[in-house]
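First the structure, in the form of structure tokens, and then the observations on it.
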Amino acid sequence: MNNTFVTVTWNNQNQIEGLIQSIQKYEPESLIVVVDNNSNDETVKRAEKYKNVKVIKLDKNVGFSAANNKAMIYVKTKYVTFINPDTRLLSRISSKLSKDLTNSKVDLIGVKLQNSNGTLQPSIFKFQTPFEIIIEQFGLGKFLPEVLKRKWSPENSRHNQKILVDWLVGAFYFTETKSFVDVGGFSEEYFLYAEDMDFCYKYKLQGKRVLFEPSISIEHIGGTSEEKTSSSKNLKLLKSFSIFAKKYNLTKNILTLYICYKIKRNIFFFVDKKRANKYRDNVNYLKGQL
């Protein structure tokens with residue numbers, strides 16, 4: 001057993017068994033650690049039915065980062081895979097990805113994410129500068145040729161090349177346990193969102209490399225925990241974006257995003273008041289972060 005799977009749950013009773021069953025089908029020798037963020041449904045009960053599954057029951061919801069870090073006391077293997085509860089393996093992964101770590105001289109690997117109908121979920125992103133923020137906010141990336149998409153707007157690329165990337169969506173990460181420990185694990189100042197970007201940024205700061213491996217795919221439903229929350233997803237995204245920018249002295253990104261939202265608010269004021277109000281809320285929040 002060289003790999004341990006870690007997944008963080010919160011009211012995922014409808015997804016957790018599918019993940020466990022897929023891991024036990026394709027990676028039967030691996031331990032699965034489920035860290036439950038105080039679910040009030042049957043997530044824990046359903047996970048505990050399976051052999052080779054360790055369930056950690058928390059008495060409150062501590063968020064994605066802190067919960068993943070708590071799992072590490074049970075990870076004794078050379079490799080660790082962080083995987084969302086709303087995913088499914090579609091093939092074996094450990095032998096292929098462990099070879100990639102060695103042969104490609106990389107430290108963290110993500111794979112292709114696909115919807116249940118087989119369509120692509122964008123999962124490759126850049127560490128943004130003001131330039132990339134403008135491209136993203138005004139949808140310019142979709143019009144770039146493929147080679148420039150991979151450089152400036154990788155989320156719009158075809159995701160069909162094995163390439164080094166800045167950061168990957170945190171639904172799936174494969175890494176050596178030692179590398180995870182070296183970077184200090186997930187940063188716990190994030191409750192939800194941007195912790196994956198921060199995680200990859202810490203790899204970058206230590207000279208570690210991140211690889212996207214498109215030859216392996218997993219199914220990812222996405223957004224199942226967010227659907228259960230009552231507050232605005234967009235506000236959470238902006239809060240985490242601001243935490244990241246301030247932490248790494250990237251406050252020009254906050255100013256750029258503020259200006260972009262202000263422009264879009266003014267444009268949509270005349271054609272779509274509901275959308276303009278959404279941008280107004282974004283402008284007001286970001287103004288307070290400047």
Side-chain angles (χ1 to χ4, degrees), residues 1-7 15 18-32 68 75 77-127 141-142 144-180 183 196-197 199-201 203-204 207-223:
M1 183 189 299
N2 284 323
N3 182 34
T4 300
F5 287 86
V6 173
T7 190
Q15 298 87 33
L19 171 63
I20 292 172
Q21 290 168 5
S22 73
I23 293 173
Q24 294 190 335
K25 176 181 179 180
Y26 294 111
E27 303 280 329
E29 69 281 3
S30 295
L31 173 69
I32 304 170
N68 270 312
V75 177
T77 50
K78 182 176 181 180
Y79 305 106
V80 58
T81 300
F82 297 95
I83 189 166
N84 277 15
D86 56 351
T87 60
R88 309 284 186 277
L89 295 190
L90 302 174
S91 64
R92 287 189 62 84
I93 63 161
S94 297
S95 57
K96 163 68 175 170
L97 296 182
S98 61
K99 289 177 182 177
D100 275 346
L101 283 180
T102 301
N103 296 338
S104 299
K105 297 180 181 179
V106 297
D107 304 278
L108 180 68
I109 303 178
V111 299
K112 185 181 290 186
L113 306 182
Q114 64 180 51
N115 298 303
S116 55
N117 62 1
T119 56
L120 174 71
Q121 283 185 19
S123 60
I124 311 171
F125 293 89
K126 287 273 291 181
F127 295 128
K142 65 183 73 172
L144 296 173
E146 183 67 15
V147 64
L148 294 183
K149 285 179 180 176
R150 289 195 295 270
K151 182 177 181 180
W152 288 324
S153 184
E155 67 272 20
N156 287 297
S157 70
R158 296 186 187 127
H159 289 56
N160 61 355
Q161 287 195 10
K162 182 176 180 176
I163 55 171
L164 294 173
V165 298
D166 279 357
W167 68 277
L168 298 151
V169 168
F172 180 99
Y173 287 143
F174 182 89
T175 187
E176 283 197 8
T177 303
K178 182 181 183 301
S179 292
F180 179 86
V183 302
D196 43 8
M197 179 168 60
F199 185 60
C200 293
Y201 200 78
Y203 270 66
K204 175 187 176 181
K208 299 179 186 295
R209 306 201 304 171
V210 179
L211 181 73
F212 174 68
E213 175 53 84
S215 69
I216 293 178
S217 297
I218 65 169
E219 181 181 313
H220 180 223
I221 299 172

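Note that CD1 of Ile93 and CD1 of Ile216 are 6.5 Å apart. Values are rounded to the nearest 0.5 Å. Within the model, atoms OG1 of Thr7 and CG of Asn84 stand 6.0 Å from one another, a figure rounded to the nearest 0.5 Å. With rounding to the nearest 0.5 Å, the separation of OG1 in Thr81 from CZ in Phe172 is 5.0 Å. In this structure, OG in Ser116 is found 9.0 Å from CD in Gln121, a value given to the nearest 0.5 Å. Taken to the nearest 0.5 Å, the CG atom of Leu19 stands 11.0 Å off from the CD atom of Glu219. Going from atom OG of Ser91 over to atom NZ of Lys25 covers 10.5 Å, rounded to the nearest 0.5 Å.
Under a 3.5 Å cut-off, the side chain of Gln114 and the backbone N or O of Ser217 do not form any donor-acceptor pair. The main-chain N or O of Phe127 is found under 3.5 Å from a side-chain atom of Asp166 such that the two form a donor-acceptor pair. With hydrogens and angles disregarded, a donor-acceptor distance shorter than 3.5 Å links the side chain of Trp167 to the backbone of Lys126. When atom types are taken as modelled, the side chain of His159 and the backbone of Ser123 share a donor-acceptor pair closer than 3.5 angstrom. A donor-acceptor pair is defined here as one N or O able to donate and one able to accept, closer than 3.5 Å; no such pair exists between the side chain of Glu213 and the backbone of Leu97. At least one donor-acceptor pair closer than 3.5 Å links the side chain of Asn117 to the backbone N or O of Thr119.
Within the 4.5 Å cutoff, the side chain of Thr175 has no heavy atoms near those of the Ile109 side chain. The shortest distance between side-chain heavy atoms of Ile221 and Arg88 falls below 4.5 Å. With contacts defined as side-chain heavy-atom distances shorter than 4.5 Å, the pair Ile124/Leu168 qualifies. Using a 4.5 Å heavy-atom cutoff, the side chains of Val111 and Phe174 are not in contact. Looking at Leu89 and Phe5, their side chains come closer than 4.5 Å, going by heavy atoms from C-beta outward. Here the side chains of Leu31 and Thr77 are not in contact, with every heavy-atom distance at 4.5 Å or above. Looking at Met197 and Phe125, their side chains never come closer than 4.5 Å, going by heavy atoms from C-beta outward. Within the 4.5 Å cutoff, no side-chain heavy atoms of Ser179 are placed close to those of Leu108.
Nearest approach of Leu113 to Ala171, heavy atoms of both residues: CD1-CB, 4.0 Å. Between Ser153 and Gly141, the shortest heavy-atom distance links the atoms OG-CA, 3.5 Å. Between Leu164 and Arg209, the shortest heavy-atom contact is CD1-NH1, 3.3 Å.
Counting only residues at least two apart or in different chains, side chain to side chain donor-acceptor pair (under 3.5 Å) contacts with residues 95-108 comprise Asp100-Lys162.
For Phe199, the ring-ring contact (aromatic ring centres under 6.0 Å, His included) criterion is met by Tyr173, Phe180, Phe186, Tyr203, not counting sequence neighbours. The salt bridge (charged side-chain N to carboxylate O under 4.0 Å, His left out) test applied to Arg150 returns Glu146, not counting sequence neighbours.
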### Message
Let's go through Leu144 and Lys151 carefully: what are the C-alpha distance in whole Å and the side-chain angles of both, what is the deciding distance for side-chain contact (heavy atoms from CB on, under 4.5 Å) to 0.1 Å, and is it a yes or a no?
### Response
CA-CA 10 Å; Leu144 296 173; Lys151 182 177 181 180; over 6 Å; no

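Within a 6.0 Å sphere centred on CZ of Arg92, heavy atoms belonging to other residues, nucleotides or ligands number more than 12.
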